[in-house]
Amino acid sequence: MTDVQAHPMDQFPVRPLEFDRSKLATLDPVWSRSSPQFSVFINALGVHVPYFERYLIRAMGRAKDEIQGDALLRDVSSIIGQEAHHAKNFIHLNKALAKRYPKLAQYEEGAKAYFSNHAKTDTLKKLVGFTAGYETFTFLAGLIILDNYDEWLADSDPVMKAMWVWHQVEEVEHGAVAFEVYQHLYGDDELYRKWMIVKALSHIAWETTKTYTHMAHVEGWLSNPFKALSTMGFCAKMLLKLLNNALPVFQKNYHPRTHPKVTCDQNSIQIAWRRFAHNGGDVA
């Protein structure tokens, strides 16, 4: 490529990034001054995500044997590569956050066991279906977070800002792959696809709310009833925003590649980041 592709999902690359562990180790967990509640919410969301990403790697790896078509096989290899680097970096972040939050190691171990066990026992259809359902929301979260950059990320720790922008850009780039694998293998079962979306959102909401509540308690945000209402209201608002943005996903003709925020109204930060990265910029 002489420049980044116009459509972010075309020929997306694997970027072997590793963020500075020494800076993560001394991180203030409330790292966004633009929106302290957002930093805690996204920390909470991120605790179980690396273990889903390992589940995704297992699912896509098994699906490769059943896929016909070089383009889709190429994209499957690329999503595996991107998600492997995501998981590695965010597990390092979890270790840093665990110093502040006593229950975090327990929650992380629970997520690890849940996804590890299911990766071994789920049928191929369940592996691919749940992965496609879950990736619905990582893709949508990428679009939502990048669109709210000024409100949530503009004034924040530079390493954390870099990690989350990188993560969200790549979630948009590979946001159609799991969907396309499901369609390729099981596209005639539309009801199962929709059920997996509901199941994935329920899992995300439970894991995130549980962890966010613990983190907010440690930060002292739940001791005052008015502050507690605002704090928990932010969590509810973010999850409802995900649900609202997911409504088109239940339509029969839905496809991530044709989402307006990917085609005609692509986020300017996403475009600039991809161009900067492609030209050798230090995105870490």
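- The salt bridge (charged side-chain N to carboxylate O under 4.0 Å, His left out) contacts involving residues 29-42 comprise Arg33-Asp155, where partners must be two or more places apart or lie in separate chains.
- Across Asn43, Leu153, Ile42, a single residue satisfies side-chain contact (heavy atoms from CB on, under 4.5 Å) together with Met160, and that is Asn43.
- Among Met215, Lys95, Lys99, the one residue that satisfies the side-chain contact (heavy atoms from CB on, under 4.5 Å) test with Leu104 is Met215.
- Using modelled atom types, no side-chain atom of Asn244 and backbone atom of Leu240 make a donor-acceptor pair closer than 3.5 Å.
- Between Tyr149 and Trp164, the gap from one ring centroid to the other reaches at least 6.0 Å.
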- Task: Show the numbers, then the answer: is there a side-chain contact (heavy atoms from CB on, under 4.5 Å) between Leu45 and Tyr212?
- Result: CA-CA 8 Å; Leu45 175 66; Tyr212 179 85; over 6 Å; no
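- Listed by chain and number, the residues in a side-chain hydrogen bond (donor to acceptor under 3.5 Å, both in side chains) with Lys210 are Glu207 (sequence neighbours excluded).
- The same ILVMFWY cluster, assembled from side-chain heavy atoms under 4.5 Å apart, contains both Leu124 and Val177.
- Atom NZ of Lys126 is surrounded by more than 12 heavy atoms from other residues, nucleotides or ligands within 6.0 Å.
- Applying the side chain to side chain donor-acceptor pair (under 3.5 Å) test between Glu173 and each of His7, Arg15, Gln168 identifies Arg15 as the sole match.
- Taken to the nearest 0.5 Å, the OG atom of Ser35 stands 6.5 Å off from the CD atom of Glu151.
- Each of Val14 and Phe139 belongs to its own hydrophobic cluster when Ile, Leu, Val, Met, Phe, Trp and Tyr are linked at side-chain heavy-atom distances under 4.5 angstrom.
- Nearest approach of Ala216 to Val40, heavy atoms of both residues: N-CG1, 4.4 Å.
- Here the CG atom belonging to Leu146 is positioned 11.0 Å from the CD1 atom belonging to Ile271, to the nearest 0.5 angstrom.
- A distance of 10.5 Å separates CD in Gln82 from CD in Glu53, rounded to the nearest 0.5 Å.
- Within the structure, the side-chain hydrogen bond (donor to acceptor under 3.5 Å, both in side chains) test picks out the following pairs touching residues 216-226 (sequence neighbours left out): Arg100-Glu219, Tyr101-Glu219.
- Residue pairs satisfying the salt bridge (charged side-chain N to carboxylate O under 4.0 Å, His left out) criterion with at least one member in residues 63-88, sequence neighbours excluded, are listed as follows: Glu18-Lys88.
- With values rounded to the nearest 0.5 angstrom, Met60 atom CE is found 11.5 Å from Leu73 atom CG.
- What you find for Ile67 and Val181 is that their closest heavy atoms are CD1-CG2, 4.0 Å.
- Heavy-atom minimum distance, Val283 versus Ala277: CG1-CB, 3.7 Å.
- Evaluation of the side-chain hydrogen bond (donor to acceptor under 3.5 Å, both in side chains) test over residues 104-115, restricted to residues two or more places apart or in two chains, returns Tyr51-Glu108, Asn94-Glu108.
- Within the structure, salt bridge (charged side-chain N to carboxylate O under 4.0 Å, His left out) contacts touching residues 157-169 (residues at least two apart or in different chains) do not occur.
- A side-chain contact (heavy atoms from CB on, under 4.5 Å) with Leu243 is found for exactly one of Leu201, Val198, Leu140, namely Leu201.
- In this structure, CG on Leu222 lies 11.0 Å from NE2 on His214, to the nearest 0.5 angstrom.
- Residues satisfying the side-chain contact (heavy atoms from CB on, under 4.5 Å) criterion with Ala236, sequence neighbours excluded, are absent altogether.
- At distances below 3.5 Å, not a single donor-acceptor pair connects side-chain atoms of Thr208 with backbone N or O atoms of Ala205.
- Within the 4.5 Å cutoff, the side chain of His86 has no heavy atoms near those of the Val49 side chain.
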Using distance only, find each side-chain donor-acceptor pair of residues 245-258 under 3.5 Å and give its atom names and separation, not counting sequence neighbours.
| from | atom 1 | to | atom 2 | distance (Å) |
| --- | --- | --- | --- | --- |
| Asn245 | ND2 | Lys241 | O | 2.8 |
| His255 | ND1 | Arg257 | N | 3.0 |
| His255 | NE2 | Glu180 | OE2 | 3.3 |
| Arg257 | NH1 | Asp10 | OD1 | 3.4 |
| Arg257 | NH2 | Asp10 | OD1 | 2.5 |
| Thr258 | OG1 | His255 | O | 2.9 |

- Task: Tell me, with the steps shown, if Leu239 and Phe41 meet side-chain contact (heavy atoms from CB on, under 4.5 Å).
- Result: CA-CA 10 Å; Leu239 292 171; Phe41 176 84; 4.2 Å; yes
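- Qualifying ring pair (Phe, Tyr, Trp, His ring centres under 6.0 Å) partners for Phe19, counting only residues two or more places apart in sequence or in other chains: Trp166.
- Linking Ile, Leu, Val, Met, Phe, Trp and Tyr residues whenever their side-chain heavy atoms come within less than 4.5 Å places Tyr186 and Tyr192 in a single cluster.
- For Phe130, the ring pair (Phe, Tyr, Trp, His ring centres under 6.0 Å) criterion is met by Tyr55, not counting sequence neighbours.
- Pairs of residues two or more places apart, or lying in two chains, that qualify as side-chain hydrogen bond (donor to acceptor under 3.5 Å, both in side chains) and include a residue from residues 133-147 are His48-Tyr134, Glu135-Thr138, Glu135-His174, Thr138-Glu171, Asp147-Lys261, Asp147-Asn267.
- Annotation for Lys227: atom NZ counts as buried by contact number, over 12 foreign heavy atoms lying within 6.0 Å.
- Two rings, from Phe115 and His203, have their centers less than 6.0 Å apart.
- One N or O on the side chain of Ser32 and one on the backbone of Trp152 form a donor-acceptor pair closer than 3.5 Å.
- The shortest heavy-atom contact between Ala63 and Val128 is CB-CG2, 4.0 Å.
- Residues Val30 and Pro36 come closest through the heavy atom pair CG1-CB, 3.5 Å.
- Between the side chain of His184 and the backbone N or O of Gln68 there is at least one donor-acceptor pair closer than 3.5 Å.
- By the rule that hydrophobic residues join a cluster once side-chain heavy atoms approach within less than 4.5 Å of another member, Ile269 and Val169 end up as members of one cluster.
- Following chains of ILVMFWY side-chain contacts shorter than 4.5 Å, one cannot reach Trp206 starting from Leu242, and the two form parts of different hydrophobic clusters.
- Phe226 contributes atom CZ, which lies 13.0 Å from atom OG1 of Thr231 (distance to the nearest 0.5 angstrom).
- You'll find the side chain of Leu127 stays beyond 4.5 Å of the side chain of Leu56, heavy atoms only.
- Residues satisfying the side-chain hydrogen bond (donor to acceptor under 3.5 Å, both in side chains) criterion with Asp28, sequence neighbours excluded, are absent altogether.
- Residues Thr209 and Thr213 approach most closely at O-OG1, 2.7 Å, considering heavy atoms.
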